Amino acid sequence: KELKLFTISELVGAGLPLIQPRGMIIRKAVEDYLWELHRGKGYLRVWTPHLAKEDLYVTSGHAAKFCHELFRVTWGEDKFFMNPMNCPHHMQIYADNQFSYREMPIRYFEPATVYRDEKSGQLSGLTRVRAITQDDGHLFCRVTQIGEEVSTIVGIIRKFYETMGMMSDYWVSLSVRGEDRSKYLGTDEAWDTAEKSLEEAAKANNLNYKRIEGEAAFYGPKLDFIFKDSIGRPWQLATIQCDFNLPERFQLEFINEAGEKERPVVIHRAISGSLERFMGIL
């Protein structure tokens with residue numbers, strides 16, 4: 001705040017930072033560099049609105065799982081949520097196309113602002129906010145393509161954090177299910193495949209990883225990259241998540257070699273985590 005990179009206004013609200021001109025120079029440079037790392041690797045830019053009907057998040061499962069963290073908007077008889085994450089929107093972009101196996105993987109990239117009702121006592125500068133700009137991306141691929149796609153993302157993460165001087169001291173959490181299976185969507189078979197695919201990719205890329213039970217997202221396992229700041233505090237920043245469940249819930253399909261409908265796998269990934277928190281850590 002003292003450097004006039006951002007402002008917190010009581011009239012705007014806690015956890016809703018305003019980026020000053022100096023801060024915008026940094027933010028735009030980081031965002032542009034992130035796109036530069038993706039543009040030659042098959043990613044396509046998309047855009048999604050800041051709110052959506054309640055039905056979208058009921059279908060995705062987010063409404064039931066995160067109901068206390070979502071901002072609600074009511075207009076007449078219609079109920080909306082402020083967008084808490086981009087994945088359900090990107091599912092709808094994919095669903096409005098007819099893809100064949102020859103076009104897979106499909107890769108979407110969007111630095112989009114999402115909104116979550118973080119507890120006021122946990123808000124802090126840019127590192128814990130309610131308006132979160134994720135450098136978000138979703139890949140739709142076949143099971144056989146998971147390893148290659150994860151390796152490409154790992155390469156982007158390494159390049160980004162080497163550039164920022166943060167790659168010398170990191171570790172990766174292979175976040176898998178805990179014992180209470182009721183917390184997670186989907187079948188044991190899908191989870192076993194997803195967890196195995198991520199662990200094989202972690203080994204193939206020589207990642208410094210540990211298997212951590214109970215830290216998976218509710219829809220799938222993930223590789224969470226933890227980096228340290230200048231005074232040694234650990235921060236979970238980049239993430240790669242493998243998801244068999246949202247494609248099932250949204251009935252996503254592509255046409256395979258036999259002319260039959262096949263369900264894709266979704267890989268969620270973010271490189272900086274969020275632009276606000278990354279700026280704070282930087």
Side-chain angles (χ1 to χ4, degrees), residues 33-35 37-39 41-44 46 85-88 90-91 94 104-112 114 132-164 166-167 170-177 184-186 190-227 234-247 264-275 277-278:
Y33 183 52
L34 285 164
W35 175 235
L37 293 175
H38 288 82
R39 65 188 306 170
K41 295 180 172 60
Y43 282 81
L44 305 169
V46 296
M85 59 274 302
N86 300 312
C87 2
H90 288 186
M91 303 298 134
Y94 178 95
M104 308 297 283
I106 303 298
R107 307 174 184 93
Y108 296 145
F109 177 94
E110 180 185 12
V114 299
I132 307 158
T133 308
Q134 300 174 322
D135 62 307
D136 214 358
H138 294 93
L139 298 84
F140 303 80
C141 67
R142 312 183 80 170
V143 174
T144 55
Q145 295 171 323
I146 292 174
E148 183 178 355
E149 291 303 309
V150 171
S151 293
T152 298
I153 299 166
V154 169
I156 292 172
I157 291 170
R158 280 188 165 136
K159 180 67 173 176
F160 181 78
Y161 286 95
E162 283 170 359
T163 300
M164 300 298 170
M166 298 172 67
M167 202 65 203
Y170 84 100
W171 68 279
V172 177
S173 169
L174 172 57
S175 303
V176 299
R177 287 171 299 175
Y184 308 99
L185 299 177
W191 274 86
D192 290 342
T193 300
E195 290 175 358
K196 180 182 178 183
S197 297
L198 285 187
E199 185 153 23
E200 287 177 349
K203 291 177 179 177
N205 287 279
N206 298 313
L207 293 178
N208 177 27
Y209 81 93
K210 304 172 188 176
R211 188 180 176 94
I212 309 294
E213 295 189 359
E215 290 298 315
F218 75 101
Y219 51 75
K222 53 184 179 165
L223 294 172
D224 288 329
F225 289 70
I226 290 85
F227 298 92
W235 298 88
Q236 189 270 303
L237 296 173
T239 186
I240 307 171
Q241 306 175 3
C242 193
D243 181 3
F244 285 75
N245 290 299
L246 283 183
V265 182
V266 168
I267 298 175
H268 309 243
R269 36 59 75 244
I271 309 303
S272 72
S274 80
L275 295 178
R277 185 171 57 163
F278 182 76

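The chain is numbered in sequence order, starting from 1. As the structure is a computational prediction, the values presented were derived from the model and not from experiment.
- Taking the side chain as every heavy atom from C-beta outward, Leu207 and Tyr170 approach each other to under 4.5 Å.
- No side-chain donor-acceptor contact under 3.5 Å links Arg177 to the backbone of Ala217.
- Closest approach of Met104 and Phe140 over heavy atoms only: CE-O, 3.3 Å.
- Expressed to the nearest 0.5 Å, how far CZ of Arg107 lies from OH of Tyr43 amounts to 6.5 Å.
- The shortest heavy-atom contact between Trp191 and Tyr184 is CZ2-CB, 3.6 Å.
- Heavy-atom minimum distance, Arg277 versus Gln236: NH2-O, 2.8 Å.
- Side-chain contact between Cys87 and Leu246 is present, with heavy atoms from C-beta onward closer than 4.5 Å.
- Counting only distance, with no hydrogens or angles, the side chain of Gln145 and the backbone of Arg142 share a donor-acceptor pair below 3.5 Å.
- You'll find the ring centres of Trp171 and Tyr209 outside the 6.0 Å limit.
- Looking at Val172 and Lys210, their side chains never come closer than 4.5 Å, going by heavy atoms from C-beta outward.
- Here OG of Ser274 is found 11.0 Å from CG of Asp136. Values are rounded to the nearest 0.5 Å.
- For the atom pair NE2 of His38 and CZ of Phe160, the computed distance is 10.0 Å after rounding to the nearest 0.5 Å.
- The minimum heavy-atom distance between Val265 and Cys242, with the atom names listed, is CG1-SG, 4.0 Å.
- Considering Asp135, Thr163, Ile156 as possible partners of Leu37, the one that fulfils the side chain to side chain contact (heavy atoms under 4.5 Å, CB included) test is Ile156.
- Atoms OG and CD1, from Ser151 and Ile240 in turn, are 8.5 Å apart once rounded to the nearest 0.5 Å.
- Annotation: side chain of Phe109 is in contact with side chain of Arg269 (closest heavy-atom distance under 4.5 Å).
- Leu44 CG to Glu110 CD: the interatomic distance, rounded to the nearest 0.5 Å, is 12.5 Å.
- Paired with Tyr161 under the rule ring-ring contact (aromatic ring centres under 6.0 Å, His included), one option of Trp235, Tyr33, Phe225, Phe227 passes, and it is Phe227.
- Two residues are said to be in side-chain contact when any heavy atoms from C-beta on lie closer than 4.5 Å; Asn245 and Phe218 fail this criterion.
- Note that CG of Leu237 is 8.5 Å distant from CD1 of Ile226, once rounded to the nearest 0.5 Å.
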**OP:** Before giving the answer on side-chain contact (heavy atoms from CB on, under 4.5 Å), spell out for Leu139 and Tyr108 the whole-Å C-alpha distance, their side-chain angles and the decisive distance to 0.1 Å.
**Re:** CA-CA 6 Å; Leu139 298 84; Tyr108 296 145; over 6 Å; no
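- His138 and Asn86 form no side-chain donor-acceptor contact under 3.5 Å, judged by distance and modelled atom types alone.
- Nearest heavy-atom pair across Ala238 and Ile271 is CB-O, 3.2 Å.
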Original post:
Does the side-chain contact (heavy atoms from CB on, under 4.5 Å) test come out yes or no for Ser173 and Leu223, once each step is laid out?
Top reply: CA-CA 6 Å; Ser173 169; Leu223 294 172; over 6 Å; no
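- With Asp243 contributing its side chain and Ile267 its backbone, the two residues share no donor-acceptor pair below 3.5 Å.
- Listed for the Asp224 side chain is no donor-acceptor partner under 3.5 Å among the backbone atoms of Leu174.
- Looking at heavy atoms from C-beta onward, His90 lies out of side-chain contact with Val266 at the 4.5 angstrom threshold.
- In this structure, Leu198 and Val176 have side chains that are not in contact, with every pair of non-hydrogen atoms separated by 4.5 Å or more.
- Environment of CD in Glu162: crowded, with over 12 heavy atoms of neighbouring residues, nucleotides or ligands closer than 6.0 Å.
- Residues Pro264 and Tyr94 come closest through the heavy atom pair CG-OH, 3.9 Å.
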